[in-house]
Protein chains: 2
Amino acid sequence: MNISKERLRLQSLKDKIMTAEEAANLIKDGMIVATSGFTPSGYPKEVPIAISKRAEKENLKITLYTGASVGDELDGTLSRANALIKRIPYQTNESIRNAINSGKIEFVDLHLSHMPQMIRYGFLGKIDVAIIEAVAIREDGGVVPATSVGNSPVFVEMAEKVIIELNESHPLELEGMHDIYTPKNPPNRKPIPLTKVDQRIGGNYIPCNPDKIAAIVLTNRKDSVRPLAPVDETSKKISEHLIEFLENEVKKGRLPKNLLPLQSGVGNIANAVLKGLLDSPFEGLEFYSEVIQDAVFDLLDSGKMVIASGTSVTPSEEGLERFYQNIDFYRERIILRPQEISNNPEIIRRLGVIAMNTAIEVDIYGHVNSTHIMGTKMMNGIGGSGDFTRNAYISIFATPSTAKNGLISCIVPMVSHVDHTEHDVMVVVTEQGLADLRGLSPKERAKEIIKKCAHPDFKDALMEYFNKAIEKAGLTHTPHILEEAFSWHTKFLKEGRMI
Amino acid sequence: MNISKERLRLQSLKDKIMTAEEAANLIKDGMIVATSGFTPSGYPKEVPIAISKRAEKENLKITLYTGASVGDELDGTLSRANALIKRIPYQTNESIRNAINSGKIEFVDLHLSHMPQMIRYGFLGKIDVAIIEAVAIREDGGVVPATSVGNSPVFVEMAEKVIIELNESHPLELEGMHDIYTPKNPPNRKPIPLTKVDQRIGGNYIPCNPDKIAAIVLTNRKDSVRPLAPVDETSKKISEHLIEFLENEVKKGRLPKNLLPLQSGVGNIANAVLKGLLDSPFEGLEFYSEVIQDAVFDLLDSGKMVIASGTSVTPSEEGLERFYQNIDFYRERIILRPQEISNNPEIIRRLGVIAMNTAIEVDIYGHVNSTHIMGTKMMNGIGGSGDFTRNAYISIFATPSTAKNGLISCIVPMVSHVDHTEHDVMVVVTEQGLADLRGLSPKERAKEIIKKCAHPDFKDALMEYFNKAIEKAGLTHTPHILEEAFSWHTKFLKEGRMI
Ligand SMILES: CC(C)(COP(=O)(O)OP(=O)(O)OC[C@H]1O[C@@H](n2cnc3c(N)ncnc32)[C@H](O)[C@@H]1OP(=O)(O)O)[C@@H](O)C(=O)NCCC(=O)NCCS
Ligand SMILES: CC(C)(COP(=O)(O)OP(=O)(O)OC[C@H]1O[C@@H](n2cnc3c(N)ncnc32)[C@H](O)[C@@H]1OP(=O)(O)O)[C@@H](O)C(=O)NCCC(=O)NCCS
């Protein structure tokens, strides 16, 4: 495979071009390996596959750090090859999830904004090798990332060696879409100068000492992007409640007419909400989030949204096509930042981001479980939901009111795991309705959540629990019957239904 | 009572001087009343007492907002007079705590940094009257606060009317110790320019339109400060473990020699840790916290600490004397800021604050309960512990390994309420030892916490729960037996002992 001078601009690095197998040989047993990638976007593919092949034949186990979730070529192949000891900070891959929940891999679930600084502070050990997908390497060794930035800047900075997967499937026109800014460590950190979503505060590449680049692997393998499900009735209703709520906030003078920058999780509900905004009266919208999906393209195309900032672009296959075909249009309207900036508390609070995330379950007092199925099994991880929620202007959690065909209530007496506490959750919304919890005490919250959000099949039982808790524990701050708080979960585990 | 021109500098306001009873008549049933005060420091006393007296005779109930906890003249008298409907955001008073836990008062437990902006955003209703303790009123109506700033700036800004308690027990020399900066609301907020603990970024008074000042009440009643318990053996051991940990971080190059700015909760353990620092090798220490107590004076006196920033000075009686006698010395070394700044995520993360807070209980996976006794009864509230913990350079939770004479283990299988999740807790320390949880998965954390922190009386039982959970739930991400997760708590509630 030949590489153009536009992709590899530092000719002296030509020697470093090698096969994925050769590059994979740089990885030794026990190493900490850190890769680019945030969602199935911008992650290395060839070298991880080659590492997996080695691991199938020899004793090779590594600790893997990434930006967030990544594609199956990385998380999937490595975990199926039993090549992982530990994985940080977020994943969505079925193979790795199974390995995590059967004790084969230790998983450390971190706020996505915490990880990069923890690495610079030396809290997570020394990174041996960083593997970064890039669209080009500059004359000075600088790396032009692909469709995601994630933790790549800190990985390149802190790794002893860097392997670049130069991926020609990404157009060179991605160059200029990134905005790379790295805060200094305390005590020398300065204010991050970002005050507007459309502002650029850094350079458009990741600085890299060329001497660190130990291998360059050429490829044109595409990201394994995910198909998008059509918007279902439940998500549509959630979106309607949410938009009505936002309209009312504008009416009450608590939000400007063009709202404030929006953050949205990924998946079905998030997609529906963004699609809902397309038909809403709002104009001049801004997006300050992690992941930019197809619905954001729609909003940008329509002119309703004027700018989108994230740390990765993760469209469907059809969306990727569209993105690349109109890349000059989108490059004016999309900025990709390190997750240390996209998820930064300082910025989120300053901009006044409206955070919309999805919960697995919510309890009557408004605590949210985002990560654990029945209290013990890891689903994906907290991701950026805590970064956004805690620092949001308004923090919103959405969930269908039931799961598993109505056998599970997503509103429960007590969540089986807490990721976001009552202190951080302002609004809960299901297809049944929306509970505005601002300024409410726990007992007031309980009544509001049960009334507005619970499914009719579970409403009475929830109210019964609440009343019985008051009877037993008294009118305490947060009435609970500890013996019964998880009885819905344990019943589900035994009988396959919550009540 | 006469008032000097130095205390009341705007002569036209002389008409507004009235008795506390007259001022209390400005309060109507159902109003939202917001007061100065943060810990028993700088809170109004005369008018609250007068309101309480009215409430004993007539139908008068109000919602009370403060900075944090306040003295008994305010929280105590009002709650005993049944004058409170709702109370936000933190309290430590026994009378009000009892009222909260018997359903007489609805309490909303908020992150202390969230409250001021929620008020400006209009999320907590309109403030009818603010009652602010001051040492002086300026020519322009500006208010010079007393020993705490708390939420006073936002209360004065947003209230329809302001009542000032001009308190001559505080020396005029407090003027110049405050640094008042108020961030704008999104979308117009700018970076908060604070980059060093000793930096001043605002004015030294709270701006106030004099037309808003509806009453001035003169007093020289002192704050009801709290006596300090002597350092006990448990706290001393915790302090030793902590200082050893910090020394090791310096040795490993993960902290500078003079550490980073310290935050510390209040109470016995916090006091012991600060006292421990006095005998430690550290020099040039900085304090970026909420409350400045006697031990901080010791550190400043010794020269080991060079600057202390907080939102209130809350010494013991003896400490208050000392503070006032050397006020010129302390004014050079102490800065009092609004809690919106002292507790601001942007600043805490930028400065790299080392956060040390106290837990009620911690579970084997490192989740922390700071607020609830046996899952249902409110103790004090989350206070600023979340603001500091989430944004800290290193977040530390301390607790004795047992409570109630050893009948309760403060390390439990599952905390009965979560305030700080695994994602936010880096270090747990008891008198038994210190668990460094950075980079550990839940199962690794459990082993570390049980081994290092649990009391010998409970160690085996905790390990037994953990192993049984693995047996029953499998080697999942977070093994738990939901039926038994709270069995220690329910046993304590029934039998008065946890195992
Ligand atoms: C919470 C989260 C898992 C929901 O994702 P989603 O794609 O909308 O979820 P689904 O409705 O498909 O549910 C996922 C699974 O959990 C199950 N589930 C949902 N609610 C459940 C509940 N209350 N109890 C048990 N299982 C439940 C579903 O049945 C489904 O199971 P399956 O995989 O066996 O079909 C996802 O949003 C997430 O990981 N969030 C945390 C991170 C985050 O917020 N990231 C964005 C931040 S910027
Ligand atoms: C957690 C907190 C209550 C501990 O305070 P403290 O003064 O060190 O606590 P104590 O050891 O005196 O314990 C307080 C009470 O709780 C009880 N207690 C302590 N641990 C307990 C446990 N695990 N289970 C049940 N009760 C427990 C004590 O017995 C004591 O009861 P009593 O009042 O009947 O004597 C306090 O630090 C707090 O409110 N923290 C949250 C807010 C905060 O962190 N503020 C500072 C942030 S800047």
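Per chain, numbering begins at 1; letters A, B, ... match sequence-line order.
- Looking only at heavy-atom pairs under 4.5 Å with chain B, the residue among A/Met378, A/His111, A/Arg438, A/Arg445 that has the most is A/His111.
- Heavy atoms of A/Lys494 lying under 4.5 Å from chain B belong exclusively to its side chain.
- When the candidates A/Leu440, A/Val415, A/Asn188 are compared by the number of heavy-atom contacts under 4.5 Å with chain B, A/Leu440 comes out ahead.
- With a 4.5 Å cut-off on non-hydrogen atoms, A/Glu286 does not touch chain B at all.
- With values rounded to the nearest 0.5 angstrom, B/Arg349 atom CZ is found 7.5 Å from A/Ile192 atom CD1.
- Side-chain atoms of B/His423 do not come within 3.5 Å of backbone N or O of A/Ile382 as any donor-acceptor pair.
- For B/Lys86, the part lying under 4.5 angstrom from a heavy atom of chain A is the side chain only.
- B/Glu483 CD to A/Leu493 CG: the interatomic distance, rounded to the nearest 0.5 Å, is 7.5 Å.
- The candidate with the highest count of non-hydrogen atom pairs below 4.5 Å against chain B, out of A/Glu249, A/Arg87, A/His417, is A/His417.
- Between chain A and the options B/His489, B/Lys190, B/Arg97, heavy-atom pairs under 4.5 Å are most frequent for B/Lys190.
- Counting heavy atoms from C-beta on, the side chains of A/Glu346 and B/Pro345 never come closer than 4.5 Å.
- Among all heavy-atom pairs drawn from A/Val418 and B/Thr421, the shortest one is O-CG2, 3.3 Å.
- Contact count versus chain B (heavy atoms, under 4.5 Å) is highest, among A/Met414, A/His480, A/Met374, A/Arg254, for A/Arg254.
- Looking only at distances, a side-chain donor or acceptor of B/His114 sits under 3.5 Å from a matching main-chain atom of A/Arg390.
- Atoms CG and CG, from A/Asp424 and B/Leu110 in turn, are 10.0 Å apart once rounded to the nearest 0.5 Å.
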> Where do A/Leu351 and B/Arg189 land on the side-chain contact (heavy atoms from CB on, under 4.5 Å) test, with the steps shown first?
Replying inline: CA-CA 7 Å; A/Leu351 296 176; B/Arg189 191 172 294 175; over 6 Å; no
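- Between chain A and the options B/Gly439, B/Ala469, B/Pro191, B/Gly103, heavy-atom pairs under 4.5 Å are most frequent for B/Pro191.
- Note on B/Ile348, B/Leu255, B/Thr195: by heavy-atom pairs under 4.5 Å with chain A, the leading option is B/Thr195.
- Using a 4.5 Å cut-off between heavy atoms, A/Ser487 does not touch chain B at all.
- For chain B, no part of A/Lys104 is nearby; none of its heavy atoms comes within less than 4.5 Å.
- Heavy atoms of A/Leu260 lying under 4.5 Å from chain B belong exclusively to its side chain.
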>> Please evaluate residues B/Val108 and A/Ser441 with respect to the criterion side-chain contact (heavy atoms from CB on, under 4.5 Å), reporting the C-alpha separation (whole Å), side-chain torsions for both, the decisive distance (0.1 Å), and the verdict.
In response: CA-CA 5 Å; B/Val108 184; A/Ser441 71; 4.3 Å; yes
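- Atom-to-atom distance recorded for B/Thr376:OG1 and A/Ile470:CD1 is 11.5 Å, nearest 0.5 angstrom.
- Atom OG1 of A/Thr490 sits about 12.0 Å away from atom CD1 of B/Ile481, to the nearest 0.5 Å.
- Counting heavy-atom pairs closer than 4.5 Å to chain B, the top-ranked of the candidates A/Lys377, A/Glu444, A/Met118 is A/Glu444.
- Residue A/His372 touches chain B through its side chain alone, counting heavy-atom pairs closer than 4.5 Å.
- A/Phe123 has its side chain within reach of B/Met426: a pair of non-hydrogen atoms, C-beta onward, lies under 4.5 Å apart.
- Within the model, atoms NE2 of B/His477 and CG of A/Asn101 stand 8.0 Å from one another, a figure rounded to the nearest 0.5 Å.
- Heavy-atom distances place no part of B/Thr63 under 4.5 Å from chain A, backbone and side chain included.
- Across B/Gly474, B/Ala485, B/Pro187, the residue that shares the most heavy-atom pairs under 4.5 angstrom with chain A is B/Pro187.
- Contact annotation: the side chain of B/Arg350 never approaches that of A/Pro186 to less than 4.5 Å [non-hydrogen atoms, C-beta and beyond].
- When side chains are defined from C-beta on, A/Glu484 does not count as touching B/Phe486, because their heavy atoms never get closer than 4.5 Å.
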